[in-house]
Enquirer: 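Take a look at the following structure, please.
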Amino acid sequence: MKTFYVLNGPNLNRLGKREPGVYGNETLEVVEHRLAELANEKGVTAIFKQSNHEGDLIDWIHEAENADGIIMNPGAFTHYSYAIRDAIASVPVPVVEVHISNVHKRESFRHNSVISPVTEGQIVGFGTKGYELALLSFL
Ligand code: CA2
């Protein structure tokens, strides 16, 4: 059975609790539950992780080296973490980068991703539906 890691970075555990205008009303738990249902429907396994710590995310990227794909919202690390970029480059697994908000409509520091050059693609601005679109992109 194909296995996909779903990694969420810093502050995404706050989803549904603040800034609903930017990130929507759903909690991360609800988003993960919906994605688990889609994975189940499609006959694949999804492994969910969230951390506010860069090293945890790097360890999980390494752990996923034999998985079929990684869906990752690196949060603000997107814009400056060369360590996460190097971790992705160090594994042979395809990564799809997800951003809930349309980062290009926001502050200029959010316009650049140091992660994108080592990903298959980026899904930006479709709200939490972006995670499902990312899973479907692998299937
Ligand atoms: O749009 C996205 O998904 C982001 O990756 C979210 C990050 C942000 O730093 C990126 O520029 C774009 C921030 C996640 C913070 O999530 C919150 C959720 C609820 C309330 C406050 C923050």
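Note that ligands are numbered from 1 as they come in the structure, with each ligand's atoms numbered from 1 the same way.
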Enquirer: Report all protein residues having a heavy-atom distance below 4.0 Å to some atom of ligand 1; order the list by chain, then number.
Expert: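 If the criterion is a heavy atom under 4.0 Å, then ligand 1 touches Pro10, Asn11, Leu12, Arg14, Leu15, Arg18, Glu19, Tyr23, Asn73, Gly75, Ala76, His79, His99, Ile100, Ser101, Val103, Arg110.
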Enquirer: Check this for me: Lys17, atom NZ, are more than 12 non-hydrogen atoms of other residues, nucleotides or ligands nearer than 6.0 Å?
Expert: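 Enclosed: over 12 neighbouring heavy atoms sit under 6.0 Å from NZ of Lys17.
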Enquirer: Walk me through whether Asn52 and Glu54 qualify under side-chain hydrogen bond (donor to acceptor under 3.5 Å, both in side chains).
Expert: CA-CA 7 Å; Asn52 297 321; Glu54 192 176 25; over 6 Å; no
Enquirer: Look only at the side chain of His99 and the backbone of Gly127, and say whether a donor-acceptor pair between them is shorter than 3.5 Å.
Expert: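 Absent.
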Enquirer: Could you work out the complete set of other residues in the hydrophobic cluster of Ile47, with links drawn between I, L, V, M, F, W and Y side chains under 4.5 Å apart?
Expert: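 Tyr5, Leu7, Leu57, Ile58, Trp60, Ile61, Ile70, Met72, Phe77, Tyr80, Tyr82, Ile84, Ile88, Val91, Val93, Val95, Val114, Ile115, Val118, all in the cluster of Ile47.
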Enquirer: Once side-chain hydrogen bond (donor to acceptor under 3.5 Å, both in side chains) is applied, what residue pairs with a partner in residues 65-78 remain, sequence neighbours excluded?
Expert: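 For residues 65-78, and leaving out neighbouring residues, the side-chain hydrogen bond (donor to acceptor under 3.5 Å, both in side chains) pairs sorted by first residue read Asn73-Tyr131.
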Enquirer: Rest of the hydrophobic cluster containing Val30 (Ile/Leu/Val/Met/Phe/Trp/Tyr, side-chain heavy atoms under 4.5 Å)?
Expert: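 Other cluster members: none.
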